[in-house]
Amino acid sequence: MAERIFGHIPNVFEGDVFENRIALSHSKVHRPTQAGISGSQKEGADSIVLSGGYEDDQDLGDVIVYTGHGGRDPITKKQVTHQFLSDKNLALAINCQNGLPVRVIRGANHKSKFSPEFGYRYEGLYKVVKYWRKTGRSGFNVWLFRLEKITVDQALTYQVSEDSPIYSKTTRTLTAQQRLNRDYSLTLKIKEIYNFHCQVCNTKIFTNAGFYAEAAHIKPLGEPHNGPDTLDNILCLCPNHHVMLDFGGFTIDDDYSLIGLEGKLYVKPEHRINSEFIRYHREHFTFNLPHASQPSS
DNA sequence: ATCGAACTTAGT
DNA sequence: ACTAAGTTCGAT
């Protein structure tokens with residue numbers, strides 16, 4: 001099975017039109033030949049198609065309210081049972097909780113002023129900002145997903161700093177896409193190692209899309225820190241302790257004792273942390289080393 | 001490996 | 001409008 005690609009497909013640009021679903025599939029922009037959502041509940045959704053047929057859809061251009069799949073009679077196409085937050089719907093929820101972009105394609109059968117005259121047109125990247133359940137026009141439950149277009153400026157942040165202006169747009173798109181996929185696989189890996197438990201407080205957060213945790217870089221990515229995007233620089237944290245780490249609310253000693261918090265960072269044997277990175281954090285993100293950063297209680 | 005679901009498509 | 005053929009993916 002081919003690897004799922006998040007973000008732009010190299011050599012495919014916004015506005016590109018494909019004759020039919022087979023051509024769209026072969027382009028890798030949206031691989032399924034019929035299904036509206038491409039994705040898995042484990043990895044998330046990489047692309048969706050708007051092609052009419054779901055009566056609760058709303059298309060405002062840069063904002064789309066997209067209906068999840070399921071519950072339709074295969075013959076009449078009418079909603080005949082409830083939809084559930086599972087399968088492809090769960091995939092879109094995963095995008096929302098992890099900030100993954102989804103490619104959007106509008107088909108000619110999708111009746112809105114934004115749909116193409118014919119064929120299927122690639123409309124660029126959107127983020128899933130919210131999802132919820134409601135009683136649809138049919139009277140059955142449907143899941144809805146609010147999508148907001150990722151602007152060009154935002155998309156540029158996917159690109160790596162070593163990218164030079166002399167690189168072609170295609171090269172930069174490729175680099176950005178590869179980076180996105182690599183980042184995401186590391187994110188999945190660190191959460192898998194700790195089974196979504198925070199390494200500081202052991203909290204495991206439960207949501208309607210399963211468990212939630214954050215991958216936190218010890219030495220930050222990007223200029224001027226340029227920490228590496230590797231497992232030995234990443235922790236699995238709850239949102240609170242992620243924020244505290246990023247803003248120096250606590251730091252970590254060489255023996256993993258916490259400074260500024262009680263206790264010790266839990267580190268699994270198979271997870272090697274580079275002590276250079278926690279030293280960097282101690283030296284750059286606390287206001288008074290080594291033990292004066294405790295908040296008063 | 002197999003199977004079912006899917007915002008298809010062409011043909012009648 | 002209806003139907004059957006057909007493809008691909010994702011889960012079992």
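A note on names: the letters A, B, ... follow the listed sequences, proteins ahead of strands, and every chain is numbered from 1.
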What contact category does Lys88(A) fall into here, base, sugar-phosphate, or nothing, at under 4.0 angstrom with non-hydrogen atoms?
sugar-phosphate
Figure out the CZ/P separation between Phe118(A) and dT8(B), and round it to whole Å.
18 Å
Which heavy atom in Lys264(A) sits nearest to a heavy atom in Asp255(A), and how many Å separate them?
CE-O, 2.9 Å
Let me have DNA chain C in dot-bracket notation, would you? Count Watson-Crick plus G-U wobble pairs, both distances under 3.5 Å, and use [ ] for pairs crossing earlier ones and | for inter-strand partners.
|||||.||||||
Taking all non-hydrogen atoms of both residues, which atom of Pro228(A) and which atom of Asn233(A) are closest, and how far apart?
O-ND2, 2.9 Å
Of His26(A) and Gln41(A), the one whose closest nucleotide on DNA chain C sits nearer the 5' end is His26(A)
Please state whether the phosphate of dC7(B), meaning OP1 or OP2, lies under 4.0 angstrom from any side-chain nitrogen or oxygen of Arg72(A).
yes
Whole-Å distance between dC7(B) P and Asp56(A) CG?
14 Å
Mind calculating the distance between CD1 (Ile48(A)) and P (dC9(C)) to the nearest angstrom?
18 Å
Distance in angstrom units between Trp143(A) CH2 and dC7(B) P, rounded:
18 Å
Please report the distance, rounded to the nearest Å, between CZ in Phe84(A) and P in dA11(C).
17 Å
Students often get this wrong, so: under 4.0 angstrom with heavy atoms, is His110(A) touching a base, only sugar-phosphate, or nothing?
nothing
Whole-Å gap separating P (dC7(B)) and CZ (Phe145(A))
13 Å
Name the nucleic acid region contacted by Gly70(A), choosing base, sugar-phosphate or nothing; use a 4.0 angstrom heavy-atom cut-off, strictly under.
sugar-phosphate
Nearest to the side chain of Tyr54(A), heavy atoms from C-beta on, is which of dC7(B), dT8(C), dG10(C)?
dC7(B)
When you compare the protein's N or O atoms with those of nucleotides 9-12 of chain B, which come within less than 3.5 Å of each other, and at what distance?
unit_1 : atom_1 : unit_2    : atom_2 : d
dT9(B) : OP1    : Arg21(A)  : N      : 2.7
dT9(B) : OP2    : Tyr120(A) : OH     : 2.8

Expected output: side-chain His30(A) to main-chain Ala35(A) donor-acceptor under 3.5 Å:
yes
Which sits closer to the 5' end of DNA chain C, Ile75(A) or Gly39(A), going by the nucleotide each is nearest to?
Ile75(A)
Honestly, is Arg72(A) close enough over Tyr54(A), meaning NZ or CZ under 6.0 Å from the six-membered ring centre and within 45° of the axis?
yes
Given the rule that I, L, V, M, F, W and Y join up when any side-chain heavy atoms are under 4.5 Å apart, are Val200(A) and Ile193(A) in one cluster?
yes
Please state whether the phosphate of dT7(C), meaning OP1 or OP2, lies under 4.0 angstrom from any side-chain nitrogen or oxygen of Arg31(A).
no
From NZ of Lys111(A) over to C1' of dC7(B), roughly how many Å is that when rounded to an integer?
13 Å
Qualifying residue, where the test is side-chain hydrogen bond (donor to acceptor under 3.5 Å, both in side chains) with Thr251(A) and the options are His281(A), Arg279(A), Arg282(A)
His281(A)
From the options dG10(C), dT8(C), dC7(B), select the nucleotide whose nearest atom is closest to the side chain of Arg4(A).
dG10(C)
Checking side chain to side chain contact (heavy atoms under 4.5 Å, CB included) against Tyr184(A), which of Leu180(A), Asn181(A), Leu188(A) comes through?
Leu188(A)
Below 4.0 angstrom, N of the basic side chain to O of the carboxylate: do Glu123(A) and Arg106(A) qualify?
yes
How close or far is atom C1' of dC7(B) from atom NE2 of His69(A), stated in whole angstroms?
12 Å
Phe285(A) vs Tyr280(A) aromatic rings, parallel, tilted or perpendicular, using cut-offs 30° and 60°?
tilted
May I ask you to decide if the ring planes of Tyr122(A) and His8(A) are parallel, tilted or perpendicular, using 30° and 60° as cut-offs?
perpendicular
